[in-house]
Student: 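Mind having a look at this structure? Questions to follow.
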Amino acid sequence: MQVAPVANLLEQFMPEGLAGTLAQAIVFIAVFFAVYLLGRATVVPIIDRSLQSRDLDKHARNPIKKLASIAIVFVAIAVAFGFAQYSGFLQSLATIAAAATLALGLAMQDTISNFVAGVFIFTDKPFRIGDWIEWDDHAGVVEDISLRVSRVRTFDNELLTVPNSQLTDGVIKNPVAKDQLRLKFVFGIGYDDDIDKATDIIIKEAHNHVGILDDPAPSVRLIELGDSSVGLQSRIWIDNPSRADFVKTRGEYVQSVKERFDEEGIDIPYPNRTVGGGLELAGMDGVLEPADD
């Protein structure tokens, strides 16, 4: 679409100067939407198929497609400026854009930091959508990952919007990064109880639970001699871990061991505390008098 034919058509209904200006605006809008819609209909699907062919995760494909859409907008604007013959305006716009970019870069350092952190999350893949992660004093399941923030649903059903820089600057625990997860729990028994018998019960209850793997095999280690109990640490493995599996399996396993301990007379003692010292009463001579015999 050219400006001149449109301007000639409009001159039949309005002054020449106004017709030229309106013609440029019409050409700009028409070319912009044509290029934008064509790009969305062709470029974005091509990029999506290319990313899928490389087995890229969904959480990594979405931001790349968003960037492609933004690039299409800029290309459509540039092409529309050219067809609308806004050459002088385009040069002025480029100068303003350069100054604005510098100002925005200084004012948006945190945003840029989060953007860079988002890129590292997509490349390093410390976690994915659906993973259960823990950081600082927080924990939850990742629901969305963008280039600036990540959204995590806590186990109290609260939605946390976390800047990506917070997830890359510190330590992130991802218990479900692998296919198996090891759980540990310390059972305290009395000093008079049979350690070997308690160990056998802990191992047998692990083998009896369908959610606990036989390979790697469950194990028990004596790890502490406390003030009131002997600590036996059980180590078990679960398959395809999730937060729900972790809590359910550990709870059922600990309950079954406790019930077997009760049946076999193995005690889980309460902590003992000894309070020492004396009590002195001062200034009571005038109040307390010896009793008469």
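The chain is numbered in sequence order, starting from 1.
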Student: To the nearest 0.5 angstrom, please state how far the CD atom of Glu252 sits from the CD1 atom of Ile212.
Tutor: 9.0 Å

Student: State, with a plain yes or no, whether a side-chain heavy atom of Ser256 is found less than 4.5 Å away from one of His209.
Tutor: no

Student: Is the shortest side-chain heavy-atom distance between Trp237 and Leu181 below 4.5 Å?
Tutor: no

Student: Are Val247 and Val254 linked, directly or through intermediate hydrophobic residues, by side-chain heavy-atom contacts shorter than 4.5 Å (ILVMFWY only)?
Tutor: yes

Student: Under 4.0 Å between a Lys/Arg side-chain N and an Asp/Glu carboxylate O for Asp262 and Lys258?
Tutor: yes

Student: Between Leu232 and Ile223, does the side-chain contact (heavy atoms from CB on, under 4.5 Å) criterion hold? Intermediate values first, please.
Tutor: CA-CA 6 Å; Leu232 300 178; Ile223 62 169; over 6 Å; no

Student: Under a 3.5 Å distance rule, please check whether Asp169 uses its side chain to pair with a backbone N or O of Gln166 as donor and acceptor.
Tutor: no

Student: Once you round to the nearest 0.5 Å, how far does CD of Glu264 lie from CG of Asp200?
Tutor: 10.5 Å

Student: To check you understand the geometry: which heavy-atom pair defines the closest contact between Ala117 and Thr168, and what is its length?
Tutor: CB-OG1, 3.4 Å

Student: Is Val149 linked to Val152 within one hydrophobic cluster, defined over Ile, Leu, Val, Met, Phe, Trp and Tyr using a side-chain heavy-atom separation of less than 4.5 Å?
Tutor: no

Student: Minimum heavy-atom separation for Arg128 to Val142, with atom names?
Tutor: O-CB, 3.6 Å

Student: Shortest non-hydrogen contact from Ala206 to Ile236?
Tutor: CB-CG2, 3.9 Å

Student: Looking at side-chain heavy atoms only, is the closest gap between Trp135 and Val162 below 4.5 Å?
Tutor: yes

Student: What are the two closest non-hydrogen atoms of Ala198 and Ile189, and how far apart are they?
Tutor: CB-CD1, 4.0 Å

Student: Does Val220 belong to the same Ile/Leu/Val/Met/Phe/Trp/Tyr cluster as Leu225, with side-chain heavy atoms less than 4.5 Å apart forming each link?
Tutor: yes

Student: Are the side chain of Asp144 and the backbone of Ser150 linked by a donor-acceptor contact shorter than 3.5 Å?
Tutor: no

Student: Just verifying a value: how many Å separate Phe187 CZ and Thr199 OG1, rounded to the nearest 0.5 Å?
Tutor: 11.0 Å

Student: Counting only heavy atoms not in Tyr191 (residues, nucleotides, ligands), do more than 12 fall under 6.0 Å from its OH?
Tutor: yes

Student: Can you tell me which residue pairs pass the side-chain hydrogen bond (donor to acceptor under 3.5 Å, both in side chains) test with a partner in residues 174-190, sequence neighbours excluded?
Tutor: Asp131-Asn174

Student: Do Leu38 and Phe32 land in one hydrophobic cluster if side-chain heavy atoms of ILVMFWY residues count as linked below 4.5 Å?
Tutor: no

Student: Residues two or more places apart in sequence or in another chain: which of them pass side chain to side chain donor-acceptor pair (under 3.5 Å) with Thr249?
Tutor: none

Student: Could you list the residues that satisfy side chain to side chain contact (heavy atoms under 4.5 Å, CB included) with Lys173, not counting sequence neighbours?
Tutor: Glu134, Pro175

Student: Nearest 0.5 Å, what's the CD1-CD1 distance between Ile121 and Ile145?
Tutor: 6.5 Å

Student: Is a side-chain donor-acceptor pair under 3.5 Å present for Tyr253 with Ser234?
Tutor: yes

Student: Inspect the contact between Arg153 and Glu143 and indicate whether a charged nitrogen and a carboxylate oxygen are less than 4.0 angstrom apart.
Tutor: yes

Student: For residues Pro218 and His207, report the shortest heavy-atom separation together with the two atoms involved.
Tutor: CD-CE1, 3.7 Å

Student: Got Ile195 and Val230 here, is their nearest side-chain heavy-atom distance under 4.5 Å?
Tutor: yes

Student: Check whether any side-chain heavy atom of Leu213 sits under 4.5 Å from a side-chain heavy atom of Ile238, and report yes or no.
Tutor: no

Student: Please report the interatomic distance CD1(Ile72) to CG(Leu37), rounded to the nearest 0.5 Å.
Tutor: 10.0 Å

Student: May I have the step-by-step check of side-chain contact (heavy atoms from CB on, under 4.5 Å) for Phe155 and Val141, ending in yes or no?
Tutor: CA-CA 8 Å; Phe155 302 112; Val141 177; 3.9 Å; yes

Student: To check you understand the geometry: which heavy-atom pair defines the closest contact between Ile201 and Val257, and what is its length?
Tutor: CG2-O, 4.5 Å

Student: Just to verify, what does Glu158 make a salt bridge (charged side-chain N to carboxylate O under 4.0 Å, His left out) with, not counting sequence neighbours?
Tutor: none

Student: Among residues at least two apart in sequence or on other chains, which ones pass salt bridge (charged side-chain N to carboxylate O under 4.0 Å, His left out) with Asp194?
Tutor: none

Student: Which value, rounded to the nearest 0.5 Å, describes the distance between Glu205 atom CD and Gln255 atom CD?
Tutor: 10.5 Å

Student: Under the salt bridge (charged side-chain N to carboxylate O under 4.0 Å, His left out) test, which residues partner Arg221, sequence neighbours left out?
Tutor: none

Student: Counting distance only, does the side-chain N/O of Asn164 pair as donor-acceptor with the main-chain N or O of Arg148 below 3.5 Å?
Tutor: yes

Student: Same cluster or not: Phe185 versus Ile268, using hydrophobic residues (I, L, V, M, F, W, Y) connected whenever any side-chain heavy atoms lie under 4.5 Å apart?
Tutor: yes

